[in-house]
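Worksheet for the structure shown next.
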Amino acid sequence: MRKNPLAVLVLICAQLLTSYAQVKAQQADPPAYTIVGNDSVCQIFVYSSAPKDGLRLAYFTDDEQWKEVGQLCTSDYGQWGAEKRMYAPFVTKAFDGTWRAAWSVNDKAPCFAVAYSEDLITWRPQDYPVVREKGVLAPAIYQMDDGSFCIYLKTSQGKRCVLATEDFRGFKEDDFEAEADDILWVRDTATIAGKLMTGNIFDVPAVHLHFILDWFSKMAEQNARNSEQLPKSDEELKALTGKEFPAVVEASLTFDANQSKRISDRLVGIFFEDISRAADGGLYAEMVQNGDFEYNNDNHRQQWNAETAWTGASIATEQPLSENNPHYAVLTADTLSNIGWDGFSLRVGTKYDFSLYARVPEGKKKQVQVVLLAADGTVVSSAKMKLEGDIWQKYSTVMEVSKKVSETVLRKKGMRLALVPSGTVPVAVDMVSLFPQDTYKGHGLRKDLAEIIADLKPKFVRFPGGCMLHGDGLDNIYRWNESIGPLQDRKPARNIWNYHQTRGMGFYEYFQWCEDMGSEPLPVLAAGVPCQNSATNAQGLGGQQGGIPMADMPDYVQEVLDLIEWANGDPASSQWAKMRADAGHPAPFNLKMIGIGNEDLISTTFMERYLMICKAVKRKYPDIEVIGTVGPFHWPSSDYIEGWRIANDNKDVFSMVDEHYYEQPGWFVNNQDYYDAYDRDAPKVYLGEYASRGRDALDNALAEGIHLCQLERNGDVVEMASYAPLLSKDGYSNWSPDMIYFTNDTVRLSESYKMQWLFSVHHGDTYIPSTVDIAPELRKYVGVSIVKDSKTGNTWLKVVNALPKTLRLKVAGTVYELAARSAEAFAL
Ligand code: AHR
């Protein structure tokens, strides 16, 4: 091992301070550290105890024992479950004191993993260089005199070398077999807690070790605070504060309207993703399930196929209605019936539009009776259709539920739709559909659900996700242009949440929905990479699968630009805008912003594609706000740090970045200053996904309310925020908690919905700072925010009382009383 002279130590201290300062750049209150070291040298051991445990660190104590410190990083490669493993990690310290790591991700993939760190604590998001042979067994890193690296690999065929640039961003495999002595792979051993481990031992200055130890202890303290629960009773409050308080807590609030500042007037919006059956079987009002006969076992449900939800279907594929919808049913003499989405929720005296496409053999005719049947056989509605003609044609009829049918019959489980044929002429049928006539503003969305959502008065709507937008693998990326046009020509797709998307609620319906609610559309498209948790593809690559090949990126970039043209262009001069007009919307949709990427791993593969897309959008449409992404977690996650670095380096491109976090109530309550120290000159924040995940729904809503007070206070930095996910159908949940729960017949609002409503409806564009005078131990459980809306002149005081006690708040001579664990808005 090379010993570090004092000069190097000074340099390292400076580097640590620099990297720490960079880490701090967007963070309110990071753990402080103290330089307690001198020029003495300590030994550390970097190793892995098990593939799932990632890279760990231990140090050699004064009593000559190896003491474990904790986990430095884990492998982010591939799917959750069988992947995310780190095999045979090899770590090296570069000449400049920075760190490089490489490991094998499994014994099958044609890639391995690399990572870079300045301080061993914060690791830059990982890269997975692709190599010619499958199965990289053991990478070993060697730094060359010019600073670049050779990463030697062992594969089943022999030894290979991948040349890496000094910054560990560029990787190129040598064409020939590597000549490397096995000594390169020899690693150190150390006994930790009685177990012999293999890894790499390094000498580091004491200051570095102290920095690491301090970081770990600060993180442990933070984690303990973040896992605190909200006090639900006097006993819990006493346990948290060490004090007893009276049944009614007195507090007073002072404010000075002259100290106000401008804040975002579009803070609260919604996040829509087809998760937990939010679209198909949910908001999209289509009542027939698998009406396109396109279910298949690709949907991760081995039992799904073209006949799913049908009985009596005989499936064919010759001369289909559309190449994007290759399957259809052949109706001969047997009845074809559909179970809907666990039945059909019908109402007495209500009309439904039934339609199908059919093709009848030349010169023949077919009569079909369309029947809605209750479980006990009662005919609830019936209509006749005459089909003829050997080209595909659409047939429609209106079905009305007879007034004679009782509610009891209608509400029984097992309602179905039957197509009862006469004669034996075989008829091809596809795109079988039943829609209530009464949908939200007549545009095909389930009215009760859509109205509840519209009540939130969302300032914007994000679509189509979430993970769904970047998809499970390259061939599952959501392509917006496959979701517009006639339904039969749209491309149905496997949903990342393991079901089938008809794409009936596609980009056209989404933009129409935004217009109907008076909300701004915020489409988010993939950054040229699929979800980093994607399954392995045919080449054996998992995770981001190497991204869309660079040769295909110009087409993908064009596809992104086409969306803007489709939404805003002039039908007279733009073929994309003409498609919009042909669909029924000649006027532009007035798209003002677009998001690129969804909580991606900010790998080099990602970064190249992301910047290519975002710069192209900004170049062609300078007025469109481009929203970037900073990974799935808040500070101090690697993607957050790297994502923010890219945004700050490209301020001319990014108006905002999309932050995501799902946290315990304790995190929200103990991080109320999270945004206070954010750089006011940096791109703004779009908090695109967040929710509290606590022991109960009210705890969550109160924590979110306290956070919303912080978001308003920092409304000059946080431009927009959307709780996620929005919808969940009972019995089909992919996620918890959610904002709105529903069945075919009912809608249930969560406490979080009520909190979002409170802040969205009582919004403003000006923030008036205030001070609450209350016992210091109780302060963090009370959220307050005063905003003024210059358009209406309204000034709103919102108070979130997360205390298990009544709160009496005096404001300018008036007393506002809030029940324990409640929130309210008051007009000032
Ligand atoms: O909101 C549910 C999921 O959470 C989203 O799809 C994804 O972006 C996040 O991980």
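Just follow the structure's listing: the first ligand is 1, and inside any ligand the first atom is 1. Because the structure is predicted, anything quoted here is derived from the model rather than measured.
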**Item:** Residues lining ligand 1 [heavy-atom distance under 4.0 Å, listed by chain and residue number]
**Value:** F271, E273, I275, G466, C467, W497, N598, E599, Y662, E689, A724, P725, W735
Taking the six-membered ring for Trp, are [X] and [Y] closer than 6.0 Å centroid to centroid?
X	Y	answer
F271	Y686	no
W735	Y662	yes
W644	W635	no

**Asked** Parallel under 30°, tilted from 30 to 60°, perpendicular over 60°: which one fits the rings of H707 and Y675?
**Response** tilted
**Request:** Ignoring hydrogens and angles, tell me if any N or O in the side chain of S760 forms a donor-acceptor pair with the backbone of L456 under 3.5 Å.
**Result:** yes
**Request:** Pick out which of K459, R266, K684 makes a salt bridge (Lys or Arg N to Asp or Glu O under 4.0 Å) with E719.
**Result:** R266
